[in-house]
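Residue numbers begin at 1 in each chain, while the letters A, B, ... track the order of the sequences.
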Amino acid sequence: MLKISTQLEEVLNRALTKVFPKEDRSPETSSILTRDNLVPASKPEFGDFQINCALSLAKEIKQPPRHIAQQIADQLQKDNDFLQICNAPNIAGPGFINLSINSQTLISEIYIRLKDKRLGVPLKKFSAAQEKVEQNNRVIIDFSSPNIAKEMHVGHLRSTIIGDSLARVLEFCGYEVLRINHVGDWGTQFGMLITHLKEVVPEALHKKDVVEISDLVNFYRQAKKRFDEDEDFQKKSRSEVVNLQAGEEGSLTAWQLLCNQSRKEFQKIYDRLDIKLNERGESFYNKFLVDIVDDLKNKNLLINDQGAKCIFLDGLLGKDGKPQPIIIQKSDGGFNYATTDLAAIKYRLTKSPDGDGAFRLIYVTDAGQASHFFGVFQIAKLAKWIPRNCQVEHVPFGLVQGEDGKKLKTRSGETIRLVDLLDEAIQRAKKDLKDRLKTESRFENESFIDKVSTTVGISAIKYADLSQNRVSNYQFSFDKMLSLQGNTAPYLLYALVRIAGISRKGGNLNVSSKNIQFNEPQEWALIRKLLQLDCVIEEVEKELLPNRLCGYLFELSQTFNRFYDQIPILKASEPSRTSRLALCAITADTLKLGMSLLGIPTLDRM
RNA sequence: GGGGCUGUAGCUCAGUUGGAUAGAGCGACGGUUUCCUAAACCGUAGGUCGUGGGUUCGAGUCCCGCCAGCCCCGCCA
């Protein structure tokens, strides 16, 4: 509907200019008329679009709103382009103008979708010539970002899933997306890890990758325990940090070993979730940190406070009500994460070969970091590291909570490992499937059962997360996400399975007929839903809210299920049979495309 | 103390620049299967949109106050 809506906007503006000539407009009238006055209809029964400006104009030009609406509607009907696209406009209620697209236009859009792999979603065009400043199309999405030597847990779930989906949407729109995994691979915790490693497996320091640490988490715990209990160990650990930062060879080898071990574990999860990421951890920015501090110093932004180099921002207050500093360099000379984040911003926005040359930076992290990013972005602005036409944004999300409304934990109160979460979802999906096979006396082999339960389990976890507005906290529930009814992954998957079933039973989904016809309201409802895809994707691109796409796919599945339930397809006579198969084909393509943008795989049978 | 987010049906949540009678799903209750997977579909009940003001033709949406919950706030990331 994107194309149609653009066309209609032009038509409407022409009509508004005729009815309200520009030279006669008061400033207020003019501001009302230059808004986007064509909006999607608020309810299906009102048609496809509505125009509300008659109501806002009424007081200003002292005419009854219905009278104004009538004038606009009359003018619209004098326009040939309008008559081509729409049925006669309706004036409703106090002065709304309701527009509905005529059948020929809808059908011709359907023909276009049958041949278009992008299903009508435009590819962004980036032309350097168009923009005065060298504009590129590179976006960086910073997401997932687990810590080396620790295990991925629920906390990483949302960032990973939401970040991946946003990356997929922006890629599809035509942006060049750099998916950055800003892993925690540097910092004081490595002192204790390396010290512990040196004592437990000393040979690890001389040869690369000879050691396999099977249980890195346990290893971390042991190191932490010793660090907390043993003073001598603490001393060694601190000096080990210095060694590492100085680039001492043995320490570097140990550090790399730890990183590699972790990397392998992370990769297992990413593979299962089908998520692609480029690792570029905090350590990458080490070499820039000194320059960052110098640059800030030269710009007179740094203030020395109790030995630490700080920046005080307006309006940032601490617990005691005093101004709250952001520490750029600690009193011992070490750097903080704020410094690393600043270096990252600068690097990412700097043109190649000295940086990534991106124009938009997106950080997918929990909402708790909002003030941190606010501060860091402010500093980057003050330091003039954010060029014009570039944008830097924090995309926050809420906590994952258990069904008790509290932060999700195991029964014993520990953080839940991501692996366990995935395994449990799959296991539950498997049980559901097996129960169902039994009650239906169906037989399926093990590989089918495995494939279906894996797909259902993983999709359920992803979809449950994505379908919620990311800003609010999210209540995690296996029962709800795996439920076969409601706004869940299995419900969407099932709609696709139904279409695949039609194809198996002899329905040719490769429709090339030139004689497509529709008569039933269920058909028109499905057509209208199908044509909304482009608008929805544009919205997700702009608002970075994947739940909008989920909501759309759910509505589409509902509309399809109604159609499927109430209208015969294979048994219909021509040309209805082929026409309905065409709708099935586009529905399947739309669902598959939409779900692929959510990072969710689909099935033919389940 | 300062800042952020949230508050909508019994439960979990949508609600796009302010627009028509506030929407889904689950749960509850009732109905539908000689037919493409009933993992579906149809119907009924259920609301002072936390609260009090304000802005206006019109507010869940914008502004101000208050209440409740969660989160963040100096050398961890």
Side-chain angles (χ1 to χ4, degrees), chain A residues 35-36 39-40 42-43 46 50 52 55-56 58-59 65 92-96 98 145 147 182 184 186-189 282 305-310 315-332 334-338 340-341 366-372 374-375 396 398-399 401 403 405-407 432-433 436 440 442 467-469 471-475 477 479-480 483-488 490-491 493-495 497-507 535-536 539 542-543 545 547-548 550-551 554-555 558 561-562 564-566 568-571 584 605-606:
Chain A
R35 285 204 284 257
D36 287 345
V39 294
S42 55
K43 284 183 180 181
F46 299 148
Q50 63 185 64
N52 302 335
L55 290 117
S56 15
K59 201 184 177 194
F96 300 100
N98 291 336
S145 311
N147 288 318
H182 190 77
W186 203 251
T188 43
Q189 79 270 24
E282 291 165 3
D305 192 86
Q306 296 167 42
K309 295 193 175 90
C310 305
L316 263 189
L317 297 180
K319 282 177 198 167
D320 46 9
K322 287 185 206 153
Q324 166 82 23
I326 291 168
I327 295 176
I328 300 298
Q329 189 167 23
K330 298 190 280 189
S331 48
D332 67 1
F335 303 101
N336 262 351
Y337 65 120
T340 309
D341 281 342
D366 68 280
Q369 295 189 48
S371 46
H372 162 67
F374 176 80
L399 289 173
Q401 298 172 319
E403 288 180 76
K406 290 182 185 157
K407 200 170 171 180
D432 288 350
L433 176 62
R436 186 176 161 73
E440 289 182 358
R442 239 171 93 190
S467 60
Q468 207 109 146
N469 185 322
V471 183
S472 40
N473 291 344
Y474 147 59
Q475 202 170 91
S477 158
D479 288 332
K480 278 181 186 148
S483 164
L484 313 159
Q485 297 125 331
N487 188 5
T488 64
Y491 181 87
L493 288 170
Y494 179 60
V497 163
R498 285 184 140 178
I499 299 172
I502 291 171
S503 166
R504 275 196 302 276
K505 290 281 167 75
C535 293
V536 173
E539 208 176 294
K542 214 162 53 187
E543 316 269 343
L545 290 172
N547 67 308
R548 296 275 166 81
C550 295
F554 176 56
E555 286 166 20
Q558 279 184 312
N561 277 332
R562 254 169 236 144
Y564 177 95
D565 196 63
Q566 295 164 14
I569 300 165
L570 290 175
K571 290 189 173 167
C584 291
R605 291 171 57 239
M606 64 191 282

Base, sugar-phosphate, or nothing: which does [X] touch, judged by heavy atoms less than 4.0 Å apart?
X: A:P325; value: base
X: A:N336; value: sugar-phosphate
X: A:G501; value: sugar-phosphate
X: A:G184; value: nothing
X: A:N98; value: base
X: A:V497; value: base
X: A:L399; value: sugar-phosphate
X: A:E539; value: base
X: A:D341; value: nothing
X: A:Q401; value: nothing
X: A:S477; value: nothing
X: A:A308; value: base
X: A:Y491; value: sugar-phosphate
X: A:R548; value: sugar-phosphate

What is the distance from atom [atom1] of [X] to atom [atom2] of [Y], rounded to the nearest 0.5 Å?
X: A:L570; Y: A:I502; atom1: CG; atom2: CD1; value: 6.0 Å
X: A:L399; Y: A:N473; atom1: CG; atom2: CG; value: 4.5 Å
X: A:R504; Y: A:I499; atom1: CZ; atom2: CD1; value: 11.5 Å

So, does the side chain of A:N561 form a donor-acceptor pair with the base of B:rA38 at under 3.5 Å?
no
Report, as a single string ordered 5' to 3', how protein heavy atoms within less than 4.0 Å touch nucleotides 22-33 of chain B: B base, S sugar-phosphate only, - not at all.
-SSSS-------
Here's a test of your reading of the structure: between A:L545 and A:G368, which maps to the more 5' nucleotide of RNA chain B?
A:L545
OP1 or OP2 of B:rC76 less than 4.0 angstrom from a side-chain nitrogen or oxygen of A:K330, does that happen here?
yes
How long is the line joining CD1 of A:I328 and P of B:rA77, in whole Å?
12 Å
What's the NZ-C1' distance between A:K309 and B:rC75, to the nearest Å?
13 Å
Taking the same atom, C1', in B:rA40 and in B:rU56, what whole-Å distance lies between them?
46 Å
Side-chain donor-acceptor pair present, A:Y491, A:N561, cut-off under 3.5 Å:
yes
Any chance you could encode RNA chain B as dot-bracket? Rule is Watson-Crick or G-U wobble with both distances under 3.5 Å; [ ] for pairs crossing earlier ones, | for another strand.
(((((((..((((.....[...)))).(((((.......))))).....(((((..]....))))))))))))....
Please determine, for the side chain of A:E282, which listed nucleotide (B:rA77, B:rA39, B:rU56) has the closest atom?
B:rA77
